[in-house]
Amino acid sequence: MERSLRQAIIVDHYQNPYHKGLVDDDRGEYIKNNTNSVSCIDNVDIMYKIKDGVILDIYFDGEACAISTSATSIMIHTLIGKTVKEARSYLKNYEAMIEERPYDKELLGELNAYEEIYLQPNRKKCALLPFESLKKVLDEIEEN
Amino acid sequence: MHREDFPMLKQDIVYFDNGATSLKPQVMIDAMVDYYSNHTANIHRGDYDAAIKTDALYDEAREVVKNFLHAESSREIVFTSGMTDGMNRIVFGFMKYQLKPGDEVLISKAEHASCAIPWYVLQEELGIVVRSVPLDSEHQLTIQNLESMISPKTKVISLSHITNVIGDVRDVEKIGEIAEKNHIYFVVDAAQSVSHVPVDVLKMKASFLVFSGHKMLGPTGVGVLYGKMDLLSKMRPLCYGGGMNEFFESTGEYKIREVPTCFEAGTPPIAEVIGLSRVIQYIESIGVENIHKHEVELKKYLVSELLKIPNIVLYNKSSESGILAFNIRGVFSQDTAVYLNHYHIYIRAGNHCSKMLKDDLNIKNTCRVSMHLYNTKEDVDKLVLALKNSEDIFKIIL
Ligand SMILES: Cc1ncc(COP(=O)(O)O)c(C=O)c1O
């Protein structure tokens with residue numbers, strides 16, 4: 001992906017994030033996860049609605065940098081409607097891309113915007129932030 | 001001023017993160033290297049030349065700190081590992097035994113974590129009540145607001161001399177007077193004030209005062225706890241071991257030594273204490289008043305320049321120190337810090353360990369410029385230029 005295209009995708013998702021703003025979860029259908037970590041000042045809440053192995057809905061909110069905000073927005077846009085199994089596959093390939101291992105470029109689509117983030121090692125954790133949250137939530141579901 | 005004294009400044013950088021830690025002058029580095037290269041020895045235990053020299057320097061350091069703080073006696077100076085260590089000793093070695101359930105401690109929402117969490121833990125353990133003095137519209141503490149919070153239950157006022165995000169210089173002399181009149185302990189966090197403004201423990205009538213070496217051009221791993229003699233003699237050590245005991249027997253009998261030795265169990269940070277002492281002498285040779293004047297002038301210049309840039313938000317224009325918190329409108333603080341790093345301008349983004357301030361600022365994270373004596377107008381100009389050109393920010397950081 002061209003650098004200018006990568007920048008455009010990231011800036012677009014940062015300035016017009018998808019599904020930003022939390023929803024009222026009166027019926028307790030969502031799992032909520034907070035990404036607050038000591039190594040990073042980003043503080044994002046992500047809410048997942050997952051039923052019968054399918055991701056039905058995701059929302060997020062919080063204050064975060066351009067990279068993690070946009071990555072969260074793209075992740076949400078990509079994963080809604082996918083199965084948990086498919087989500088695992090995105091997760092695996094995305095992590096491989098960030099960590100400079102072989103990965104399925106076709107599959108990742110807009111997420112390829114972070115394909116060169118490894119050039120700024122201290123920003124890798126920003127790009128990984130939403131996917132770490134996803135991983136925790138998927139692990140939690142599997143354990144139960 | 002004195003840029004040539006700081007080896008880090010040989011690099012092409014603008015260092016504006018002094019609130020986190022300051023740069024170190026060569027004289028301090030030399031003093032520590034000399035200890036490690038030429039007279040390594042433990043203190044209080046040797047009869048050979050190197051040990052005698054080291055002992056003398058360690059003892060002299062206490063005297064140097066005492067004079068720097070205008071304390072009455074060098075026995076009121078305890079070396080710690082830093083401000084946080086000192087604060088915890090005050091809360092858990094002294095206050096825990098002096099305060100009673102229902103007693104009130106006054107702090108503010110602008111305090112650093114180290115000035116808030118120990119009190120909250122004691123609140124949980126002991127049932128004391130921690131209350132925050134409201135800040136004014138500029139997020140500063142006023143004497144009027146402080147006085148309005150004082151009641152017969154108030155037993156402690158625990159405040160920073162200079163806060164680390166807003167940078168307001170509290171009127172510690174007035175606060176000390178109020179505290180004394182009302183028989184209240186006055187605990188001063190001088191982490192951001194030593195080496196930036198004069199610190200005189202007698203004038204501010206401080207019961208206790210704490211700071212770290214590393215923010216005042218000195219080494220990491222060392223700090224100072226000042227306490228009035230009659231209070232230190234009631235404080236309990238939190239750490240026991242060698243160096244601080246007079247004797248101990250297999251029967252379990254032991255006797256601990258006098259203040260301040262009883263608070264320095266184990267081998268202290270010897271090189272760091274020597275470095276701290278050397279750096280205080282360096283600071284005194286320049287004059288703290290001169291440093292303060294320089295920083296205030298530089299901040300005024302920075303503010304006047306930033307006010308010309310429409311998309312910059314300033315949070316503490318008026319405070320009289322070298323600290324300025326800002327944001328580029330619509331840009332997350334960390335992205336700004338990454339952008340400025342591209343121009344080798346070092347600032348800090350985040351909540352700066354003052355997480356309660358968000359209630360007052362209505363924003364969690366800011367960029368913070370914090371100055372010291374070596375910052376210059378040219379540093380400010382470089383920062384201003386970078387911020388002027390910040391429409392390009394995403395092209396640069398992505
Ligand atoms: C106002 C204030 N108090 C206390 C501290 C704690 O100092 P240290 O981390 O050296 O113990 C800091 C450090 O950031 C500070 O800015």
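Letters A, B, ... mirror the listed sequences (proteins, then strands); counts begin at 1.
Within residues 78-98 of chain A, no residue has any heavy atom under 4.5 Å from a heavy atom of chain B. When the heavy atoms of residues 391-398 of chain B are compared with those of chain A, the residues falling under 4.5 Å are B:F394, B:K395, B:I396, B:I397, B:L398, listed by number.
Heavy atoms closer than 4.5 Å to chain A are found in the side chain of B:S333, but not in its backbone. For B:V331, the part lying near chain A is the backbone, with the side chain staying farther off; criterion is any non-hydrogen pair under 4.5 Å. In this structure, chain B has a heavy atom under 4.5 Å from the side chain of A:Y14, while its backbone stays farther away.
Atom CG in A:D42 sits 5.5 Å away from atom CD in B:Q334 (nearest 0.5 Å).
Heavy-atom pairs under 4.5 Å with chain B peak, among A:A113, A:S4, A:A64, at A:A64.
Take A:E116 and apply the side chain to side chain donor-acceptor pair (under 3.5 Å) test, not counting sequence neighbours, and it matches A:R6. Residues meeting the side chain to side chain donor-acceptor pair (under 3.5 Å) test with A:N144, sequence neighbours left out: none.
In B:K317, the NZ atom is not crowded: 12 or fewer heavy atoms of neighbouring residues, nucleotides or ligands sit closer than 6.0 Å. The number of heavy atoms from other shown groups lying within 6.0 Å of CZ (A:R123) is above 12. Counting heavy atoms of neighbouring residues, nucleotides and ligands inside a 6.0 Å radius, atom CD of A:E142 exceeds 12 of them. Applying the 6.0 Å contact sphere to NZ of B:K355 captures no more than 12 heavy atoms from other residues, nucleotides or ligands. More than 12 heavy atoms of other residues, nucleotides or ligands sit less than 6.0 Å from atom NZ of B:K364. The number of heavy-atom neighbours closer than 6.0 Å to CZ of A:R27, taken from other residues, nucleotides and ligands shown, is 12 or below.
Closest non-hydrogen pair, A:A66 versus B:D335, comes out as N-OD2, 2.6 Å.
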